[in-house]
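Only a predicted model underlies this, so the values are computations on that prediction, with no experimental measurement involved. Residues take their numbers from the sequence shown, with the count starting at 1.
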Amino acid sequence: MEVFKNYYRIRYIANKRGGEMKEIKFTDIDGIKVGHEQDLEAATGCTVIICEEGATAGVDVRGGSPGTRETDLLNPVNMIQQIHAVMLSGGSAFGLDAASGAMKYLEEKNIGFDVGVTKVPIVCSAVLFDLVVGDHRVRPDMIMGYKACSNATDKECLNGSIGAGTGATIGKLLGLERAMKGGLGSFALQVGDLKVGAIVAVNCLGDVVDPKTGEIIAGLLNEDLHTFAGTENLMAAQYDSKKNIFSGNTTIGVVATNGKFTKSEINKIASMAHNGYARTMRPAHSIFDGDTIFALSTGSVQADISTVGFLAARAMEQAVINGIKNAESLQGIKAYTDTK
């Protein structure tokens, strides 16, 4: 399989152990469920990743305009050791309310941190900016977050204009008229008993490139609305222009593994996974993006942190590509398939 062509060393190790590297679904990772809910007319939605048994979690926020919830809990010096869900949402800061729906849903299922009188679900969240795409008055809220949890399954993992990727767009340096559709993507792989995967809502300021070729596959369009202008080239040409281009950005995602890690280790894996952003989005981590990656460990397989870290980055690469290639045109914004 093409995406694994550079993995010869890992294949060798896996084959010696009687295993083989293979592509799996993100929801094949032990203890993981994924659910979506969206409003296509308003062009917004949310995606929840549920860990009913709890997961050791970390986070790495690299962008300059983040919108997040409960990230301080993931610092290794703090008490909470496991979380129960991550909510990825559109709606900018308003979309953080979707996490309250996850808390309600999980409490009803008796899932959470036991405080005696009840169990308090630990739900982390990150949001992206999609208010300018559809109806800005409609945002993911508690009701939408609850519905996403009700839709959660470990049987499939959909990609495209769904959930948190519903209103996602990319290539917005010159406004939405020359931008393209982003989307939600996922990808996972397995080596022996080890599983590593990523899910991401791609909503970057810049372009998305194929890391195997370095070519732009979607992003800022030229005036012909078919070929690519190259966001970084235009930014370099306008280096002395300090304008506010906060027109709707931020890529948010989760990497997950069934490997067993401490809070410190899983935070490092979240950091390494950002290499997947850097290889596929140009530029990544700008001051106008709130790029964030959570990392989850469901903790059933002994694994090397560096190996899982680079596999997480590779999974994130392909998840970004899958999100773009599976996106559909919405609100008149062209998708990848419209330029072919």
Output the distance between atom [atom1] ([X]) and atom [atom2] ([Y]), rounded to the nearest 0.5 Å.
X    : Y    : atom1 : atom2 : answer
R69  : C124 : CZ    : SG    : 8.5 Å
Y277 : D60  : OH    : CG    : 10.0 Å
T68  : I252 : OG1   : CD1   : 10.5 Å
I199 : L88  : CD1   : CG    : 7.0 Å
I170 : I324 : CD1   : CD1   : 4.0 Å
T292 : R62  : OG1   : CZ    : 10.5 Å

Are more than 12 heavy atoms, taken from residues, nucleotides or ligands other than [X], located less than 6.0 Å from that residue's [atom1] atom?
X    : atom1 : value
Q82  : CD    : yes
H136 : NE2   : no
K263 : NZ    : yes
I143 : CD1   : no
F228 : CZ    : yes
K147 : NZ    : no

Derivation of the side chain to side chain contact (heavy atoms under 4.5 Å, CB included) call for M235 and L173: CA-CA 8 Å; M235 291 177 71; L173 187 67; 3.8 Å; yes
How about [X] and [Y]: do any of their side-chain heavy atoms sit closer than 4.5 Å?
X    : Y    : answer
E23  : Q318 : no
R178 : E223 : yes
T27  : S186 : no
I83  : C51  : no
F94  : L131 : yes
I122 : L73  : yes
L106 : I50  : yes
D207 : L220 : yes

Any donor-acceptor pair under 3.5 Å from N151 side chain to G35 backbone: no
Side chain N203, main chain T251, donor-acceptor under 3.5 Å: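 Such a contact is absent between N203 side chain and T251 backbone.
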Identified side chain to side chain contact (heavy atoms under 4.5 Å, CB included) partner of V254 from the options V86, V200, I32: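 Exactly one candidate clears the test, V86.
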Partner of T227 by side chain to side chain contact (heavy atoms under 4.5 Å, CB included), out of I216, T339, N222: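 Passing option: N222.
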Pairs where residues 101-119 contributes a residue and the test side-chain hydrogen bond (donor to acceptor under 3.5 Å, both in side chains) is met, not counting sequence neighbours: K104-E108, E107-T118, E108-Y146
Of all pairs that satisfy side-chain hydrogen bond (donor to acceptor under 3.5 Å, both in side chains), the ones with a partner from residues 70-81, not counting sequence neighbours: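 Found none.
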Trace of the side chain to side chain contact (heavy atoms under 4.5 Å, CB included) decision for V208 with Y336: CA-CA 10 Å; V208 172; Y336 168 82; over 6 Å; no
Side chain to side chain contact (heavy atoms under 4.5 Å, CB included) between D130 and R139, intermediate numbers included: CA-CA 9 Å; D130 59 5; R139 307 104 179 211; over 6 Å; no
How far apart are the closest heavy atoms of [X] and [Y], and which atoms are they?
X    : Y    : answer
N258 : T298 : CA-OG1, 3.3 Å
S329 : I333 : OG-O, 2.8 Å
I293 : A270 : O-CB, 3.7 Å
L330 : A43  : CD2-CB, 3.9 Å
D193 : V301 : O-CG2, 3.7 Å
G185 : N159 : CA-OD1, 3.1 Å

Pair K195 + D30, salt bridge at N-O below 4.0 Å: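 Counted as a salt bridge, because a side-chain N and a carboxylate O are separated by less than 4.0 Å.
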Connected via hydrophobic side-chain network under 4.5 Å: L189 and M272: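 Different hydrophobic clusters.
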Side chain to side chain contact (heavy atoms under 4.5 Å, CB included) evaluation trace for I217 with V209: CA-CA 5 Å; I217 64 169; V209 302; over 6 Å; no
Under 4.5 Å side-chain linkage, directly or through intermediates, the cluster mates of I24: none
